[in-house]
Amino acid sequence: MSCSTPSSSECSIGSVEVDDFKCEICLGKGHGNHFGVNACRACAAFFRRMILGTGFRQKCRLTKNCKPKDGRWFCKKCRLDKCYRLGMTPDNIQHDRDAHLSSELFLENHNKRKLQVSVLPTTVEKFVGVPHSVLYFKREKLPKKMWTYIDLSKLVQRTEKILKTEPSFDSETFNMTTLEKLTFGLREARKNQQQFPAIMKSMGKEENCFIWEQQLMTAANWIMYFDEFRALPFDQKFAMIKCMWHLWGRLERLAMTAEMRVNGYCGKRDFVISHDALLDYDNVDYDPSWSTSYSKDELLYFLDAPTYHGEPLVESFININPSDTELVFLICNLCLRLTGKKLGGEIEEVTQKLQDVLANSLHKHYTDIEMPRYAHRLAKLLSIGNDWLNLTHKRKEKMQVAYILDVFHVEFSHPELFQYSV
């Protein structure tokens, strides 16, 4: 009897490796029946890695119909698509199966690992911070027809209209630098900010949709104060705003929360979530039923409210206390930097040029206020960006676990608006 290697996937009992057996995936030398399809060890291992790892992020950069050459694939996306097309299914993954179980040494180590799992589950739970129900129990995946569907088409149309319309600016902006115009735009966006916002008592589907709408509309109107951005082709502008709006909205609200805490308009456990509402972390009724079948307690691992909203950064904003101009530079520079990195290609070249415009404008600003040696101050500002990246990295790790466990059941009409949100 022959079975798969430790790095490969599971095969059927009794599968044998013969010379005339072909893998249906790569057409190379086969091994046995893996996941319901006759396949070789390499393709079985590939399928297992994809369904347990990054398969959902794979994209074809060629014809979207790639073929293997001499038994080798050069496109992960097309290879994975063929696996699914031929009927491979992850339902029969057997995590305990291994080709080397016949080895006495391996068998001894294998039993030790099983003993450790049975003896130390509580320690693992405390160390990872994930309850047993989340670590060891996966809900049955809901069929797509039972998911919550959110139609964003009207919101997208409004965004397109903003980006296609030449705005009429106040005459006082005509002789301003780019950074000064963006600062003016930020102050205009904040004109409706209430000093004492109402406390949000519940947080559900309607409240989330309202916040997304406010953030997207505000970000789109604000970025149009950027002359060089406004001059770009519509396709580039639209791609960039879809990538950066959520980040812009979160950072702007973090800065506003810091400002209002310093001025005594909200408490240390309050987050200013919109112009007219704030969130009390300890006294808000979260209703997750529209997006998941997991309980509130189980969701705390994935959606701890302070971490989700970026609470650790509020202290950073308070300590550094950026001026409006510095805040605009910080937010816009970070948005452009991450947008270029995520979208790549010509968009990355565009964002680098826009960052140069911002840097020159910031230099003029510091020169005008007679601060020629501003390197130390700039380093402090950029440290907030680094804090944000560290925070999102931790949050991304948890959201990847959420994806594996099929935690969220929400379908958007325009999922690209949330493709780069964490």
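If you're wondering where the values come from, they're calculated on a predicted model, not measured in any experiment.
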Provide the closest heavy-atom pair for Asp276 versus Pro197 in the form atom of the first, atom of the second, distance. C-CB, 3.6 Å

Answer yes when Lys76 and Asp81 have at least one side-chain N-carboxylate O distance shorter than 4.0 Å, and no when they do not. no

Donor-acceptor pair between Tyr225 and Glu188 side chains, under 3.5 angstrom: no

Is there a side-chain hydrogen bond (donor to acceptor under 3.5 Å, both in side chains) between Ser361 and Thr177? Walk through the geometry before answering. CA-CA 6 Å; Ser361 193; Thr177 65; 3.2 Å; yes

Is the Tyr84 ring parallel, tilted or perpendicular to the Phe47 ring (thresholds 30°, 60°)? perpendicular

Distance-only, no hydrogens or angles: does the Ser291 side chain make a donor-acceptor pair with backbone N or O of Val410 under 3.5 Å? no

Contact check, side chains of Lys22 and Lys29, non-hydrogen atoms, under 4.5 Å: no

Begin with the C-alpha distance, continue with both residues' side-chain angles, and end with the deciding distance and a verdict on side-chain contact (heavy atoms from CB on, under 4.5 Å) for Val350 and Gln236. CA-CA 9 Å; Val350 168; Gln236 291 184 351; 3.7 Å; yes

Given side chains that start at C-beta, do those of Lys77 and Cys66 come closer than 4.5 Å, heavy atoms only? no

Please step through side-chain contact (heavy atoms from CB on, under 4.5 Å) for the pair Leu389 and Leu338, ending with a clear verdict. CA-CA 10 Å; Leu389 293 176; Leu338 296 183; 3.7 Å; yes

Ring-ring centroid check Phe408 Trp290, cutoff 6.0 Å: no

Measure the shortest side-chain to side-chain distance between Val272 and Cys266 over non-hydrogen atoms and say whether it is less than 4.5 angstrom. yes

If you measure from the Lys or Arg side-chain nitrogens to the Asp or Glu carboxylate oxygens, is any gap between Asp356 and Lys353 under 4.0 Å? no

Would you sort out whether Cys243 and Leu343 count as a side-chain contact (heavy atoms from CB on, under 4.5 Å), showing the intermediate values? CA-CA 8 Å; Cys243 186; Leu343 299 182; 4.3 Å; yes

Test the Lys164-Phe234 pair against the cation-pi criterion, namely NZ or CZ under 6.0 angstrom from the six-membered ring centroid and within 45° of the ring axis. yes

Shortest non-hydrogen pair, Trp147 vs Glu411, comes out as CE3-N, 4.1 Å

Does one side chain, of Thr339 or Thr351, offer a donor that lies under 3.5 Å from an acceptor on the other? no

pair Ser293-His409: side-chain heavy atoms closer than 4.5 Å: yes

So how far is it from Glu326 CD to Leu179 CG, rounded to the nearest 0.5 Å? 9.5 Å

Is it true that Asp387 and Ser316 share a donor-acceptor pair across their side chains at a distance under 3.5 Å? yes

Gly310 and Arg395: which non-hydrogen atoms are nearest, and at how many Å? N-NH1, 4.2 Å

Other residues, nucleotides, ligands: >12 heavy atoms within 6.0 Å of Arg337 CZ: no

Are any non-hydrogen side-chain atoms of Tyr366 and Arg377 less than 4.5 angstrom apart? yes

Evaluate the side-chain proximity of Arg190 to Glu252: yes if any heavy-atom separation is below 4.5 Å, no if none is. yes

About how many Å separate CG of Leu216 and CD1 of Ile241, when rounded to the nearest 0.5 Å? 6.5 Å

Can you tell me how far the CZ atom of Arg230 sits from the CG atom of Asp227, to the nearest 0.5 Å? 4.5 Å

Hey, could you give me the CG/CG distance between Leu381 and Asn386, rounded to the nearest 0.5 Å? 11.5 Å

Trp73 and Phe46: ring pair (Phe, Tyr, Trp, His ring centres under 6.0 Å), yes or no, with the steps? CA-CA 11 Å; Trp73 281 90; Phe46 165 80; 8.2 Å; no

Salt-bridge criterion met for Asp280 and Arg269 (N-O under 4.0 Å): no

Using 4.0 Å as the upper bound for N to carboxylate O, is an ion pair formed by Arg261 and Glu311? yes

Check: Glu349 side chain, Glu346 main-chain N or O, donor-acceptor pair, under 3.5 Å: no

Give the ring-plane orientation class for Trp245 versus Phe418, where under 30° counts as parallel, over 60° as perpendicular and anything between as tilted. perpendicular

Lys341 versus Glu348, closest heavy-atom pair with distance: CA-OE2, 4.4 Å

Ile150 side, atom CD1; Cys209 side, atom SG - distance, nearest 0.5 Å: 4.0 Å

Are any non-hydrogen side-chain atoms of Glu228 and Phe226 less than 4.5 angstrom apart? yes

Mark yes or no for whether Thr292, through its side chain, and Tyr294, through its backbone, hold a donor-acceptor pair below 3.5 Å. yes

So which atom in Leu334 and which in Trp388 form the shortest heavy-atom distance, rounded to 0.1 Å? CD2-CD1, 4.0 Å

Give the intermediate values and the outcome of side-chain contact (heavy atoms from CB on, under 4.5 Å) for residues Met240 and Leu354. CA-CA 12 Å; Met240 290 170 64; Leu354 296 180; 3.8 Å; yes

Backbone N or O of Gln215 within a donor-acceptor pair of the Thr218 side chain at under 3.5 Å? no

State yes or no: are the ring centers of Trp222 and Phe184 separated by less than 6.0 Å? no

Would you indicate whether the side-chain heavy atoms of Pro312 and Asn390 approach each other to under 4.5 Å? no

Indicate yes or no for a side-chain donor-acceptor contact from Ser274 to the backbone of Ile211 under 3.5 Å, with no hydrogens or angles considered. no

Once you round to the nearest 0.5 Å, how far does CG of Leu330 lie from CG of Leu382? 7.5 Å

Without swapping roles, check the side chain of Lys201 against the backbone of Val284 for a donor-acceptor pair under 3.5 Å. no

Taking all non-hydrogen atoms of both residues, which atom of Leu279 and which atom of Met200 are closest, and how far apart? CD1-SD, 4.0 Å

Donor-acceptor pair, distance only, cut-off 3.5 Å: does the side chain of Glu24 make one with the backbone of Ala39? no

